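Below is one structure, written out as structure tokens, with a few remarks after it.
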2 protein chains.
Amino acid sequence: MEHAMKTCPVGKVAALVGDPCSLLIVRDLLESPMRFSELERSLGSSSRTLAKKLKVLEKEKIVTRKEMRGTPACVKYSLTKKGAAFHEVVEAMRSYGTKYLR
Amino acid sequence: MEHAMKTCPVGKVAALVGDPCSLLIVRDLLESPMRFSELERSLGSSSRTLAKKLKVLEKEKIVTRKEMRGTPACVKYSLTKKGAAFHEVVEAMRSYGTKYLR
DNA sequence: CGGCATCCTACGCGATACTG
DNA sequence: CAGTATCGCGTAGGATGCCG
């Protein structure tokens, strides 16, 4: 499996956002920048998982972390240009889901 | 996480082919029908994993199993119309991967 | 609020071996 | 060739608790 995911463009994308969690993060952030807790609620995932996924996406330059000062803390996540480019992929998926999955 | 994947079209698609293996199966079958062993080699996965994924995709009417008689056995997998409709999604991914992932 | 640390469990998945 | 069965490990990911 490893080989295919490093060779082919499709495989590489799959390796990056090929899990439901990362994909849904991108989907949400395409809508608008969001805070950690907002994502947490939207996805219904644990903070642990969310934090880990966000870190990967940040390292891959898909997502930007912006920390506003103040107390309590406030952090906004948004998409980079590279991340926003997932728009086409997500829309293709949405279109498919709407048409074929009830 | 469960909720988001049953509510939103994108989530539902993710639940279906939101893992690298299933996605790569679809990618391959978009090219042409393939035999079990061909998929096995192409993906570099174990027969166990492949068989399980294929069963799911078959149950979801993404993939069709066609058994030719003869010995040794020969089985061809191909996409249904519903499966072929993933073309747009896969192409969007390929386009993204080509542009942004080296 | 936005995390990180810890613990714990389920399961994905490869390796191997065996059948029709 | 096309699977199924069994074992065994690595890991994803929830639950909980703590801290700046």
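The figures here come from the full heavy-atom set of this structure, side chains too, leaving out hydrogens, waters and symmetry mates. Numbered from 1 within each chain, the chains take letters A, B, ... in sequence-line order. In this text the structure is predicted, and so the values were computed from the model without any measurement.
Glu67(A) is linked by a salt bridge (charged side-chain N to carboxylate O under 4.0 Å, His left out) to Arg65(A), counting only residues two or more places apart in sequence or in another chain.
Looking only at side-chain heavy atoms (C-beta outward), Ile25(A) and Tyr77(A) stay at 4.5 Å or farther from each other. No side-chain heavy atom of Asp19(B) sits less than 4.5 Å from a side-chain heavy atom of Asp19(A). Here the side chains of Cys74(B) and Phe36(B) are not in contact, with every heavy-atom distance at 4.5 Å or above. Between Lys76(A) and Met68(A), some side-chain heavy-atom pair lies under the 4.5 Å cut-off. Within the 4.5 Å cutoff, no side-chain heavy atoms of Ser22(A) are placed close to those of Leu16(A). In this structure, the side chains of Cys21(B) and Thr49(B) come closer than 4.5 Å at one or more pairs of heavy atoms. Contact check for Phe86(A) versus Ile62(A): side-chain heavy atoms found under the 4.5 Å cut-off. Side-chain contact between Arg27(B) and Leu43(B) is present, with heavy atoms from C-beta onward closer than 4.5 Å.
If you check residues 61-70 of chain A against DNA chain D, you find no residue with a heavy atom closer than 4.0 Å. Non-hydrogen atoms lying under 4.0 Å from DNA chain C are contributed by Arg35(A), Phe36(A), Ser37(A), all within residues 27-38 of chain A.
Judged purely by atom type and a 3.5 angstrom limit, Ser45(B) has no side-chain atom pairing as donor or acceptor with the backbone of Glu40(B).
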Completion exercise
For nucleotides 12-20 of chain C, 5' to 3', base contacts (B), sugar-phosphate-only contacts (S) and non-contacts (-) with protein non-hydrogen atoms under 4.0 Å give -BBB-----
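The NZ atom of Lys53(B) sits 10.5 Å away from atom CG of Leu50(B), with the distance rounded to the nearest 0.5 Å.
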Under 3.5 Å, which donor-acceptor pairs link side chains of residues 89-102 of chain A to any protein atom two or more places apart or in another chain?
| from | atom 1 | to | atom 2 | distance (Å) |
| --- | --- | --- | --- | --- |
| Glu91(A) | OE1 | Arg94(A) | NE | 3.4 |
| Glu91(A) | OE2 | Arg94(A) | NE | 3.3 |
| Glu91(A) | OE2 | Arg94(A) | NH2 | 3.3 |
| Tyr96(A) | OH | Lys82(B) | O | 2.6 |
| Thr98(A) | OG1 | Arg94(A) | O | 2.7 |

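In the 5' to 3' direction, nucleotides of DNA chain D lying under 4.0 Å from heavy atoms of chain A begin and end at dG13(D) to dA15(D).
Between Lys55(A) and dC4(C) there is a side-chain N or O to OP1 or OP2 distance below 4.0 Å.
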